[in-house]
Amino acid sequence: TNDYIINFETQYTSISTLSDIKLNNVSLPGFASDLFDYDYVLPVGTKVLPEIAVVIGADAQTVDLQTNGVSGDAVITVTADDNVTKSIYTIHFSVEQSSVATLNQIMLDGVQLDNFESGIFEYNIELPIGTKTLPIVTTENGDEYQTVTQTTEGTDITIHVVAENGNGNDYVLHFNILKSINDALNMIYVGGEALSVEAEGFVTDNSFSSDLLEYNITLPVGSSFASLKFDYQAGDEYQTVDTLRSESSMSLKVTAEDVAYTRTYIVNVTVEKSDNAELLDLMLDGITISGFSFDKTEYNVDLAIGTTVIP
C-alpha cells in the first residue's frame, strides 16, 4: 500500500496599485497607477465632494477611503492580497474661489442707476434742488461669494466689492445736489401793500415785476420814510435777501442758493411836500381878527388909546 500526500500552498499577489480612480464616474485627470498624489480643484461654490470610485488593479485587493470635505484630503489606502503590501493615493481637494469683483446693478432708493455698466466704476449723479439726504444705495451683487461694503465721504459714496479670492473693485458715486439759481423776488411790499400802481398808500411809477429792478414811489404829505415798513415775498425758500435803507431808498439784494446769481431791487422814496400856504384863522388875543379871510393877506387894526403892548 502506498500513500500519496498532496501539499497545497496558496499564492498571494503583492499588487497594491489601482487601475483607475473616478470622480463622478469620470477618470481622475492625470491618473497613473504609480502616481500617488493629486491636486483637484472643485468648481466655485462646491459644497459636496464628488462621488469617488476606484477600479482595483488586482483581485482580492482591499480599499479603504477616508475623506475630509471639499477643502481636505481624500486618502485611498489599497492593500494587496498578501495583506502586507500597501499603496496610498491622496487627492488634495480644494474649491476654486470666485474672482467676480463686479456688481450686476446699483440701485438708488430702489431705482436702477441710469447707464450702469458693471465695468464702469465712477458715476456723476445730479440730485434735485432741495435734496437734504443722499439716496439709499443698494446693490445686486455679481455672485453670492462677494463681500460688499460702503463708505460715505461728503456727497461721495464708495461701494467696495471684494471677490471671494480677494480681488476687488470700487464703484464711486459722486452726488451733486443742484442749487437754485432763482435770484428773483415774487413781490415787494411797501407799508403792507403790494408794490402796485393800484396801491392806496403811495404812488408808484410801475407795478412790481420780478425783472424790473428800480422803482420810484411817492408817499403822501406828512409821511415818514424812516418808519415805512418794507417786506418781500421770496422767489423760493433757498434765497437770502439783504436789505439796506438809505436816506431816501430801500435796496433789497437777493442771492440765489447758487451764490453766483444775484440781483438788487431799489425802491426810491419821495415824500410829497404840501403847497398850502394859507391860514385857517388869524387871532389877536384869542379873537379872530375882524374881516379875516384865508385869501386876504393884509389887515389894518386900530388899537385903543394908551395901548403899549401889541396884542
What closest approach, in Å, do [X] and [Y] show between heavy atoms, and which atom pair accounts for it?
X: I15; Y: Q61; answer: O-NE2, 2.9 Å
X: A32; Y: Y89; answer: O-CE2, 4.2 Å
X: T307; Y: V309; answer: CG2-O, 3.3 Å
X: I129; Y: Y238; answer: CG2-CE1, 3.5 Å
X: F294; Y: L279; answer: CB-O, 3.3 Å
X: N169; Y: A101; answer: ND2-O, 3.0 Å

Where the side chain of [X] meets the backbone of [Y], is there a donor-acceptor pair that is under 3.5 Å apart?
X: E193; Y: G201; answer: yes
X: Q150; Y: V137; answer: yes
X: N24; Y: E51; answer: yes
X: T46; Y: V48; answer: no
X: E257; Y: S180; answer: yes
X: Q239; Y: N182; answer: yes
X: D205; Y: N216; answer: yes
X: S207; Y: V197; answer: yes
X: T204; Y: N206; answer: yes

Please tell me if the side chains of [X] and [Y] come closer than 4.5 Å, counting only heavy atoms from C-beta onward.
X: V63; Y: T77; answer: no
X: V41; Y: V95; answer: no
X: V161; Y: N167; answer: no
X: T264; Y: V254; answer: no
X: V55; Y: L18; answer: no
X: I266; Y: L213; answer: no
X: L103; Y: F116; answer: yes
X: K253; Y: V241; answer: no

Does atom [atom1] of [X] have more than 12 heavy-atom neighbours from other groups under 6.0 Å away?
X: D302; atom1: CG; value: no
X: D281; atom1: CG; value: yes
X: Y261; atom1: OH; value: no
X: D59; atom1: CG; value: no
X: E278; atom1: CD; value: yes
X: K296; atom1: NZ; value: yes
X: I120; atom1: CD1; value: yes

Would N186 and D236 count as a side chain to side chain contact (heavy atoms under 4.5 Å, CB included) here? Give the steps. CA-CA 9 Å; N186 285 341; D236 65 26; over 6 Å; no

Output, in order, the C-alpha distance, side-chain angles, deciding distance and verdict of side-chain hydrogen bond (donor to acceptor under 3.5 Å, both in side chains) for E214 and N268. CA-CA 8 Å; E214 190 163 5; N268 300 307; 2.8 Å; yes

Could you go step by step and tell me if I159 and V148 meet the side chain to side chain contact (heavy atoms under 4.5 Å, CB included) rule? CA-CA 7 Å; I159 304 170; V148 180; 3.6 Å; yes

Cluster overlap [X] with [Y], hydrophobic side-chain contacts below 4.5 Å:
X: I157; Y: V162; answer: no
X: V271; Y: Y215; answer: yes
X: V75; Y: F93; answer: no
X: V70; Y: I76; answer: yes
X: F121; Y: M107; answer: no

Does R263 pair with D183 as a salt bridge, N-O distance under 4.0 Å?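 D183 and R263: salt-bridged.
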
Value rounded to 0.5 Å, distance of [atom1] in [X] from [atom2] in [Y]:
X: S71; Y: H92; atom1: OG; atom2: NE2; result: 13.5 Å
X: F175; Y: T152; atom1: CZ; atom2: OG1; result: 8.5 Å
X: N68; Y: Q66; atom1: CG; atom2: CD; result: 8.0 Å
X: S249; Y: L244; atom1: OG; atom2: CG; result: 7.5 Å
X: F225; Y: M250; atom1: CZ; atom2: CE; result: 6.0 Å
X: D82; Y: S14; atom1: CG; atom2: OG; result: 5.5 Å

Decide whether [X] and [Y] meet the rule of one side-chain donor and one side-chain acceptor closer than 3.5 Å.
X: D20; Y: S27; result: yes
X: N165; Y: S99; result: no
X: S87; Y: S16; result: yes
X: N124; Y: H174; result: no
X: S98; Y: D143; result: yes
X: D295; Y: S293; result: yes
X: D211; Y: S209; result: no

Determine whether the aromatic ring centres of residues Y265 and F208 are separated by less than 6.0 angstrom.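 That pair passes the under 6.0 Å test.
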
Determine, step by step, whether N141 and T139 satisfy the side-chain hydrogen bond (donor to acceptor under 3.5 Å, both in side chains) criterion, reporting the C-alpha distance in whole Å, the side-chain angles of both residues, the deciding distance to 0.1 Å, and the verdict. CA-CA 6 Å; N141 295 351; T139 60; 2.9 Å; yes

Working for side chain to side chain contact (heavy atoms under 4.5 Å, CB included), residues F230 and R245: CA-CA 10 Å; F230 288 84; R245 185 189 292 261; 3.8 Å; yes

Report the residues that fulfil ring-ring contact (aromatic ring centres under 6.0 Å, His included) with Y189, sequence neighbours left out, ordered by chain and then residue number.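 In terms of ring-ring contact (aromatic ring centres under 6.0 Å, His included), with neighbours along the sequence ignored, Y189 is linked to no residue.
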
Could you point out which residue of E96, Q146, Q97, E144 forms a side chain to side chain contact (heavy atoms under 4.5 Å, CB included) with E164?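 Result: among E96, Q146, Q97, E144, Q97 is the only option passing the side chain to side chain contact (heavy atoms under 4.5 Å, CB included) with E164.
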
Side chain to side chain contact (heavy atoms under 4.5 Å, CB included), that's the test. Do F36 and T90 meet it? Break it down for me. CA-CA 6 Å; F36 301 100; T90 302; over 6 Å; no

